[in-house]
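None of the values given here were measured: they were computed from a predicted structure. Chain identifiers are assigned alphabetically (A, B, ...) following the order of the sequence lines, protein sequences preceding nucleic acid strands; residue numbering begins at 1 within each chain.
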Amino acid sequence: MSLSAFHALPLPIVQLSLDAVLKCGQSFRWSTFPLPQPNDASREYRLCLYDRVVCLRQSPTQLFYRSVYPDPQPSETQARLLDAETLVWLKDYFQLDVDLANLYQEWGVRDQVFLNIKERFSGIRMLRQDPWENLVSFICSSNNNISRITKMVQNLCIHYSPPLLHISDPSCLESRQAYHPFPSPSVLARPDVSAKLRSLGFGYRADFIQKTARLLVDTHGTGSETWLMNLREETTEKAREELLKFMGVGRKVADCVLLMSLDKREVIPVDTHVHQIAIKHYGLKGSANGKKINMTPKIYEEVNKKLVDVWGDYAGWAHSVS
DNA sequence: GGTCTACCTTTAGA
DNA sequence: ATCTAAAGGTAGA
């Protein structure tokens, strides 16, 4: 395993803050490593894709990236091509063609509440994630918290996909970290998966995951992941309708997938947190007759409509900042 | 078609 | 120390 040097991509921190974006409930699979103090960046982020591990660091003006490849190591010529691919992937994953400063400006004009908080939460943008991983991750998210969701996603990778490679940290000779890609639908579709996941603490979500994988594979076979990816070309309504067919996928989870991996930037997944924000700042009723209002499909629509009205086309992106 | 409940597990707060 | 409520909800009645 060679420790290739980092490449640098000029990128102002207002366009992307790794600290704000990677560990806050969009993706649950990035791992972090503390760096020696003198460095500009506070920590390194790593994510295992299907054929490589991407490592990121950040300064106020630059994004540093490198890829680590499994053996046999690529030649220098090959590595140059592969690293170029990584850059293409980064631009896609972080949607760097979208000017975040512009969006913040626009949201500030449309919304006084946003104007007040925008300085404190800069650099928060929507990732463009893999739909399959995103779907499974958010099936895990129901009635759950981020730290447990993270452990569950880790467990899925550890138990259902072999490690692509290991990285030893120079700063800590003992540690030899394994990096697993996200498991495929066909592996998670196996009938014994639900019992195993239950024993791993997934609770009732164990069956949802196995059944969702099963339905996907039975319907679309080896083209399952491509089929999910192609929902990007469908309308929001059509794509949502397809997602709702899966076990464990209700409106909220479907909307997370639509927003975070299927390019539906206007979609706002309404969870309890967003509901509270809508009540506190955007004039929605929080209670009636002294009783707290529960989330219902009707309330969901009301919250959604109001916030899209306030924030516009990129409402889903705006909601992740608030 | 809207409304009510059970559901796994963990953890912060009473 | 024990207990409850809530945690980025959903399926089924």
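- For the side-chain contact (heavy atoms from CB on, under 4.5 Å) with A:Leu135, the qualifying choice from A:Asp130, A:Val249, A:Ile209 is A:Val249, the only one to do so.
- One N or O donor and one acceptor, one from the side chain of A:Tyr204 and one from the base of C:dG9, sit under 3.5 Å apart.
- Nearest to the side-chain atoms of A:Met247 among the listed nucleotides C:dA11, C:dA7, B:dT3 stands C:dA11.
- C:dG8: no Watson-Crick or G-U partner with both key distances under 3.5 Å is found in any strand.
- Using a 4.0 Å heavy-atom cutoff across all strands shown, A:Val253 reaches sugar-phosphate atoms only and no base atom.
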- Would you sort out whether A:Asp83 and A:Tyr69 count as a side-chain hydrogen bond (donor to acceptor under 3.5 Å, both in side chains), showing the intermediate values? CA-CA 10 Å; A:Asp83 287 353; A:Tyr69 306 101; 2.6 Å; yes
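- Residues A:His273 and A:Lys211 both approach DNA chain C. Their nearest nucleotides, taken by heavy-atom distance, put A:His273 toward the 5′ side.
- If you check every strand for non-hydrogen atoms under 4.0 Å, A:His275 touches nothing.
- Atom name P, nucleotides B:dT3 and C:dG8: the rounded distance is 25 Å, in whole Å.
- Residues A:Asn304 and A:Glu302 bring no donor and acceptor atom of their side chains to less than 3.5 Å of each other.
- Contact annotation for A:Gly25: base contact, defined as any heavy-atom pair under 4.0 Å involving a base atom.
- Note that CG of A:Leu156 and CG of A:Leu197 are 6.0 Å apart. Values are rounded to the nearest 0.5 Å.
- Of the two residues near DNA chain B, A:Lys298 and A:Arg205, the one whose nearest nucleotide lies more 5' is A:Lys298.
- At a cut-off of 3.5 angstrom, counting only N and O atoms as typed in the model, there is a donor on one side and an acceptor on the other between the side-chain of A:Arg148 and the base of B:dT9.
- Nucleotide B:dC8 forms a pair with no other nucleotide shown, judged by Watson-Crick or G-U wobble geometry with both contacts under 3.5 Å.
- A:Gly203 comes within contact range of at least one nucleobase, with a heavy-atom separation under 4.0 Å.
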